[in-house]
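Below is one structure, written out as structure tokens; the observations come after it.
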Amino acid sequence: MEYNFKDIEANWQKFWADNKTFAAKDDSAKEKYYVLDMFPYPSGAGLHVGHPLGYIASDIVARFKRHKGFNVLHPMGYDSFGLPAEQYAIQTGQHPKITTENNIAVYRKQLDKIGFSFDWDREVRTSNPDYYKWTQWIFIQLFNSWYNKNTNKAEPISNLISAFEAHGNANIQAHCDDDVKSFTAEQWKAFTEKEQSDVVMAYRMAYLGEAYVNWCPQLGTVLANDEIKDGLSERGGYPVERKLMKQWSMRITAYAQRLLDGLDTLDWTDSLKEAQRNWIGKSEGTSLKFKIVRHPELVSGSQEMLKQVQHDIEVFTTRPDTIFGVSFVTLAPEHELVNRLTTPENKLAVDAYVTQAKNRSERERQADINKITGVPTGSFVEHPFSGKQIPIWIGDYVLAGYGTGAVMAVPAHDSRDYSFAKQFGLPILEVVAGGDLEKESYDAKEGTLINSDFLNGLDVKAAMKKAISQIEANGLGKGKVNFRLRDAVFGRQRYWGEPIPIYYKNDIPYALSDSELPLVLPEVDKYLPTEDGEPPLARAKDWKYQNEFDYEHSTMPGWAGSSWYFLRYMDPHNGLAFADKKLADYWKQVDLYIGGSEHATGHLLYVRFWTKILNDLGHIAINEPAKKLINQGMIQGRSNFVYRLSPAMFVWGQNDENEKVNLPVIFLSKNINDKLKKKELTQFELDNIKEKAITNFKTLNPNFEFLNFEENIYTSAIHVDVNIVSNDILDEEAFISSREEYKNAVFIKEDDDNYICGHEVEKMSKSKYNVVTPDDIAEKFGSDTLRLYEMFLGPLEQSKPWNTNGITGVHGFLKKLWRLFYQNDAFTITHDEPTKAELKTLHKTIKKITEDIERFSFNTSVSNFMICVNELTDLKCNKKEILEPLLICLSPYAPHITEELWKQLGHTESIAFAQFPLVNEAFLIDDSINYPVSVNGKLKFTLELPATLTKEEVEVEVMKNEQTIKLLAGQQPKKVIVVHKKIVNMVV
RNA sequence: GCCCUGGUGGUGGAAUUGGUAGACACGCAGGACUUAAAAUCCUGUGUCUUCACGGACGUACGGGUUCAAGUCCCGUCUGGGGUACCA
């Protein structure tokens, strides 16, 4: 019987589904193990070979843990709210729900083919009302809580309101908005309902606040920082600008320190923890007040005004030691004091600068990152120690949103201040010795303080201490910690997301009650914003709370549903709670979480944040969502390109400049294009291209001319579908018929008459036409081969380009395994006693595989299986006692073939729960050891010696060996090092 | 710029704690079986040198520590990913 993977795989997939083999038990005496994959967004392109990489790895662990006697939870679901379905809806009018469901059906079919051991009864979809009911419920929990700094956790908002009623807010220590004014209990009681609501809002964990957001006019939505690339929206590539908007936000900043501390308890990679640390961006320093002093030319009226409002500019610095190096103070253009500090003669320039800075889009800011701009206000502050007058400038290198929006500029020891000072000719005062200030600033935090009064002679560390104590003693400021982390905007002006469960009555937002959930996403006639810029939900007809009050019209962001889905899998059908407390306590946290590193700072920060809040509020017992996390590497695709002659070099027909005609379609083969780029084309070749171009274009427009053909000739690379290219040779016919505009395409080909495409390795994506689906491989070689091959490709965490070069080796291995059981169509397993050699091979393999899985080194286990089967083939082993345990070892990797052979061995139960074999070290002991003998560390020969010899006996044996004597040629070695059971080295 | 990762044959990669560098697989070359192909099997395959035995070199580059370095330390170059006027 041949290895017929097609039937075997189909049969077993059906068996697992029919028998619900992998359903996790909620009541089990077994220890639990929770293996989670980052669930996919079901895109229209379907699953590509990169998706299963992580899924296969987690499936191996899940199956392994089942063999090891764990009750395994290994679920899968879909992150099914998202922009692409909505974009598609806008273009076609098809409801995103339909698109999403279709895509999910495709994903499911593809996933099923690979033989994953998911518990499909627990599938979740974030766009399902049964699911998002609880996303909304969690939102309300956040809406109804505040962060108490005294207890250092989130607490119900009712506590806070009681406190207000009893004592006002004087004793409240909370993470809240900065501009909260203090009030007494009496004042609180006298507030109107609206006023009370506004006050409480400043404390809520989910709150409505004014925030600068990344606004994308074309998409009509707010984007998260991680949705923007180079100042353009990641999806669509539209410009993004900064805009002040009322937005629902999450007070994640309250958790900054705990999110940072929690990292130490996690078994995550250093790079990932580092990425989170950088994102949170803790910096310790000092706040410091600079007294504003009158500029001689400042009119007295202005000075009076100044007195009324504020006397100081507060800055934040991490370098209080450099205080004597301050040569100017810079404010962000948005700083509230800008207007008041500007002297009349500077007003024009300042106003112009502020307006320009405000209107500058993110893209321009990024593009001009090295362009230094700024204006002086004309006012001065006083140095807190020297009393010297210091000018106040405005510069957009200072960010309004960080620190106090003002910096003390120390150009000698900060590179940004340095460039600014150089640009505007401001003084550079050296206060830490050691740098060359002619060339650049000296930013290092080491050296001796100079020109610094009471700090002179101290090193930076000591100076820092002393400066802080002096600043604090003089009441100028105090030690302070700043975080880069910003509160997370939680609303989008979009349709395809969870409605925010809020309605407005007299302009006051109220949360729905639990019994009113879910607030179902209403139907709309179009998926676009309304004419007056309201989000699409404003289009919904008769969609009002109690037929009277407006609901919130924005929806939740993409990360809402994914921030808690790991909890829903524990109890996916519960209608009374997001998860039953008992079940949540049983499954606790994810033991192993596998997914892509692109979620390092987004999803993984939010899911930790929500876990901590739910823990604070007493809903779950865990503090962190996932104990161990692995980032699988990206599988890159190999894209192909054609090189199209640019139309810019043609001029249109004389009759009408704007005449729309089809563009010429002339494609240069790769080598010709390379020559063109290097300007190595011969006149003959150029003429040939020109002639073909003329012929091609004349069919479209008889009246055209070239515009300086030879100077202007250039090409642009265009992605071409890899499926119509083989070995970089283009299938020209397929290409011509692939698009209407290519029907007259002309190819300038290589000497061998082929059109050669360019290629590049890059991210696999639909838009690059380089997606390879796992389907073809599964069809041609079977999914066991696919599973083994994806693991064999290299370390899980490493990115690698997809290629199928080695797949025959892996497939051959499975065939070879099959032949251990079947020879000449006969099943030939015997019950004979195994030999010592066979047992050694088996137990060596068991040991290696167990170790490999535990350290997630799946590529090496595949090699180890190959070695094992090679050895057993050489030994002609067909013994049940050897092959049966081997099947169990292999079953996590290649579940179908092992199930089948397991059944052939006479088992009636699935192999999935068979106990994983244990290593018997006794079989691994060698009788003899092959000692490498080296001289000065260089290997000379090897010597086989009995394993029973002691270290001393080994030395004696080696020294009296003929080869040693020959090597030493009468010399006496200075030293002989014997590492017992390892190596012998002689030093001469 | 900063942070994180890598750099090993023609290729993917192995070497878990400093102890025989290149496991396993692909590719390539030669051979067996076959009318032929596929499939399968066998042999060889880091580089240089030698008829051969053997020898020399070799883990991006330059140094160092060590009896012994792909592995540890210092410096340089370079691929990939993340991130940024964060004071």
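Here is the naming used below: chain letters follow the sequence lines, and residue numbers restart at 1 for every chain.
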*Reading RNA chain B 5' to 3', what string of ( ), [ ], | and . shows its pairs, if Watson-Crick and G-U wobble pairs count only when both distances fall under 3.5 Å?*
(((((((..(((......[....)))((((((.......))))))((((....))))..(((((..]....))))))))))))....
[X] ring center near [Y] ring center (under 6.0 Å):
| X | Y | answer |
| --- | --- | --- |
| A:Tyr789 | A:His811 | no |
| A:Phe781 | A:Phe5 | no |
| A:Phe420 | A:Phe328 | yes |

Tell me whether the side-chain N/O atoms of [X] come closer than 4.0 Å to OP1 or OP2 in [N].
| X | N | result |
| --- | --- | --- |
| A:Arg819 | B:rC41 | yes |
| A:Tyr402 | B:rA87 | yes |
| A:Arg416 | B:rC86 | yes |
| A:Asn859 | B:rA14 | yes |
| A:Asn631 | B:rG81 | no |
| A:Ser283 | B:rA87 | yes |

*Identify, with sequence neighbours excluded, every residue that meets side-chain hydrogen bond (donor to acceptor under 3.5 Å, both in side chains) alongside A:Ser863.*
none
*asked:* Under the salt bridge (charged side-chain N to carboxylate O under 4.0 Å, His left out) definition, can you give me all pairs with a residue in residues 399-415 of chain A, not counting sequence neighbours?
replied: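 For residues 399-415 of chain A: A:Asp414-A:Arg416.
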*Identify, between A:Leu793 and A:Val810, the residue whose nearest nucleotide on RNA chain B lies closer to the 5' end.*
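Nearest nucleotide further toward 5': that of A:Leu793.
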*With sequence neighbours excluded, what pairs up with A:Asp443 under the side chain to side chain contact (heavy atoms under 4.5 Å, CB included) test?*
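With neighbours one apart ignored, the set is A:Ser415, A:Ser441.
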*Looking at residues at least two apart in the chain, or sitting in another chain, which of them share a side chain to side chain contact (heavy atoms under 4.5 Å, CB included) with A:Lys461?*
A:Asp459
*Kindly label the base of B:rG9 as syn or anti, based on whether its glycosidic torsion lies within 90° of 0.*
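With its glycosidic angle within 90° of zero, B:rG9 counts as syn.
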*How far apart are the closest heavy atoms of A:His335 and A:Gly405, and which atoms are they?*
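Heavy atoms of A:His335 and A:Gly405 come nearest at CD2-O, 3.3 Å.
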_Heavy-atom pair with the smallest gap, counting every atom of A:Ile372 and A:Ser419_ = CD1-CB, 3.3 Å
*Can you check each nucleotide of nucleotides 54-71 of chain B against protein heavy atoms at under 4.0 Å and return B for base, S for sugar-phosphate only, - for none, in 5' to 3' order?*
---S---------BS---
*Whole-Å distance between B:rU17 C1' and A:Lys982 NZ?*
8 Å
